[in-house]
Amino acid sequence: MENQYYDNLTVSSSPHLVTGLDTRKTMMMVLIALIPSFLVSIYVFGFRVVILTIVCVVASVFFEWGYNKLMKKPQTIGDLSACVTGTILAFNLPSSFPYWMAIIGCFVAIVVVKMLYGGLGRNIANPAIVGRIVLLLSFTTQMTTWPVTRLATTDATTGATPLGLLQAAKGGSVSLPSNMEMFLGFIGGSMGEVSALAILIGGAFLIWKKIISPIIPFTFIGTVFVFAFIYYSIVGGDYTAMHMAIFHICAGGVMLGAFFCATDYVTSPIMPLGKVIFGIGCGIVTMVIRLWCSFPEGVSFAILFMNVLCPLIDNFAIKKFYGGAKKNEK
């Protein structure tokens with residue numbers, strides 16, 4: 001066998017692994033996986049999707065470059081992680097969202113959440129998720145004003161999302177878009193979360209390339225399905241429990257959050273058991289917020305909540321896997 005030599009080996013404790021996959025290549029794979037959602041979003045909302053995404057990416061890269069320059073640290077913009085953060089944050093915004101507000105979200109995500117904690121690998125929460133939550137709480141009107149899709153037949157300029165329609169009904173009669181429309185993406189909402197099919201294609205690509213584990217997405221989505229099915233089986237309504245279970249999977253940010261946010265290496269558990277707990281927790285918190293809280297959507301809050309619990313989950317899962325010393329009994 002031909003010998004291979006590597007010039008980047010460092011002296012450290014075992015295990016010693018050599019792989020061609022680095023941070024830059026990983027982030028490039030994530031960006032490729034986001035292309036289907038990007039294309040569908042352009043088709044549904046128009047060319048402003050491109051401009052808003054570029055603004056978020058450029059702002060994110062600039063803030064990371066500027067922070068490193070100011071603090072006299074090595075530049076890290078080449079790993080493309082800022083590009084991924086900017087893209088995912090853009091995908092969580094309405095296509096009509098003002099550019100200057102989006103830049104504020106990028107500042108929060110990159111400088112406050114990522115760089116002040118030490119950069120990539122040290123942040124305690126997903127930067128894009130925190131950036132979206134800050135924008136939602138700071139600019140609620142703009143974050144909940146949804147432009148009508150180019151496929152709509154109405155003359156209105158804004159419309160409600162499926163989750164918004166469901167919340168507005170408050171248990172009364174409601175007319176919702178079909179599950180097929182939400183699956184394909186012919187509905188209003190944030191730019192990158194309208195098409196469940198496009199997100200599934202990107203997520204399947206990441207799983208195929210072994211960039212992410214399927215455990216968190218499957219447990220997250222599965223928990224939302226089971227929770228919704230049980231709830232609507234009990235309370236009833238205009239639609240069947242099966243219909244509403246599929247509705248809650250396709251509506252809002254469940255698919256985007258499950259495949260592209262909850263699977264963040266830094267803020268998700270390491271062990272398989274931890275991933276299961278993490279995914280189930282995300283699904284439960286999402287449905288609790290959707291059904292009983294004032295916000296129609298709970299994915300971002302759920303992921304942030306579980307990000308905070310991640311160290312505890314990891315500690316529990318590691319102890320369960322490896323075992324631990326038992327306390328001496330008197």
Side-chain angles (χ1 to χ4, degrees), residues 41 44-45 88-89 91-97 101 105 128-149 152 156-179 181-183 185-196 199 220-221 223-232 234-239 241 243-258 261-262 281-306:
S41 185
V44 173
F45 296 112
I88 293 178
L89 178 58
F91 280 21
N92 278 278
L93 303 175
S95 61
S96 59
F97 197 70
M101 293 182 184
I129 288 295
V130 178
R132 182 190 186 277
I133 292 175
V134 169
L135 291 177
L136 177 62
L137 298 179
S138 303
F139 309 106
T140 306
T141 300
Q142 291 82 359
M143 282 291 289
T144 54
T145 300
W146 310 103
V148 173
T149 68
T157 57
T158 60
T161 63
L163 290 175
L165 292 172
L166 187 64
Q167 188 193 47
K170 296 295 184 182
S173 180
V174 59
S175 178
L176 299 172
S178 69
N179 287 338
E181 287 178 309
M182 293 190 296
F183 181 72
F186 304 148
I187 56 173
S190 297
M191 296 190 333
E193 65 184 26
V194 293
S195 174
I199 297 171
F220 190 164
I221 296 170
T223 301
V224 169
F225 178 88
V226 172
F227 197 115
F229 184 84
I230 295 174
Y231 175 81
Y232 289 101
I234 296 173
V235 303
D238 298 332
Y239 298 91
H243 179 95
M244 293 308 297
I246 298 175
F247 169 89
H248 275 283
I249 290 176
C250 295
V254 168
M255 300 293 287
L256 181 66
C261 299
C282 287
I284 291 175
V285 176
T286 295
M287 290 306 299
V288 167
I289 294 175
R290 283 185 174 186
L291 297 176
W292 293 295
C293 297
S294 58
F295 285 104
E297 176 62 293
V299 171
S300 296
F301 294 103
I303 294 176
L304 176 59
F305 180 74
M306 297 308 295

One should read off an interatomic distance between Phe183 CZ and Met255 CE, to the nearest 0.5 angstrom, of 7.0 Å
Any non-hydrogen side-chain atom of Phe247 less than 4.5 Å from a side-chain atom of Leu163? yes
When you measure from the side chain of Tyr239 to the backbone N and O of Leu176, does any donor-acceptor pair fall under 3.5 Å? yes
Assess the pair Tyr231 and His248: is the distance between their ring centroids shorter than 6.0 Å? no
Taking all atoms of both residues into account, what is the closest heavy-atom pair of Met101 and Leu135, and its distance? O-CD2, 3.2 Å
Spacing of Glu193 atom CD and Leu93 atom CG [to the nearest 0.5 Å]: 10.0 Å
Contact check, side chains of Val288 and Phe227, non-hydrogen atoms, under 4.5 Å: yes
Measuring from atom CD1 of Ile221 to atom CD1 of Ile249, what distance do you get when rounded to the nearest 0.5 angstrom? 6.5 Å
Any non-hydrogen side-chain atom of Met143 less than 4.5 Å from a side-chain atom of Phe97? yes
Answer yes or no: are there more than 12 heavy-atom neighbours, outside Phe139 itself, under 6.0 Å from its atom CZ? yes
Please check: side-chain N/O of Glu297 versus main-chain N/O of Gly253, any donor-acceptor pairing under 3.5 Å? yes
Closest heavy-atom pair, Met244 versus Ala228, reported as atoms and distance to 0.1 Å, is O-CB, 4.2 Å
Minimum heavy-atom distance Ser96-Pro147, with the two atoms named: OG-CD, 3.6 Å
Closest approach of Val44 to Ile187 (non-hydrogen atoms, all atoms of both residues): CG1-O, 4.1 Å
Nearest non-hydrogen partners of Arg290 and Gly252, listed with the distance: NH2-CA, 3.9 Å
Are Phe301 and Phe295 close enough that their ring centers fall under 6.0 Å? yes
Check: Ile88 and Ile129 side chains under 4.5 Å, non-hydrogen atoms: no
To check you understand the geometry: which heavy-atom pair defines the closest contact between Trp146 and Pro94, and what is its length? CZ3-CG, 3.6 Å
Here's a test for you: under side chain to side chain contact (heavy atoms under 4.5 Å, CB included), which of Thr286, Val285, Leu291 qualifies with Ile289? Val285
Measuring from Ser300:OG to Phe305:CZ, what's the distance to the nearest 0.5 Å? 15.0 Å
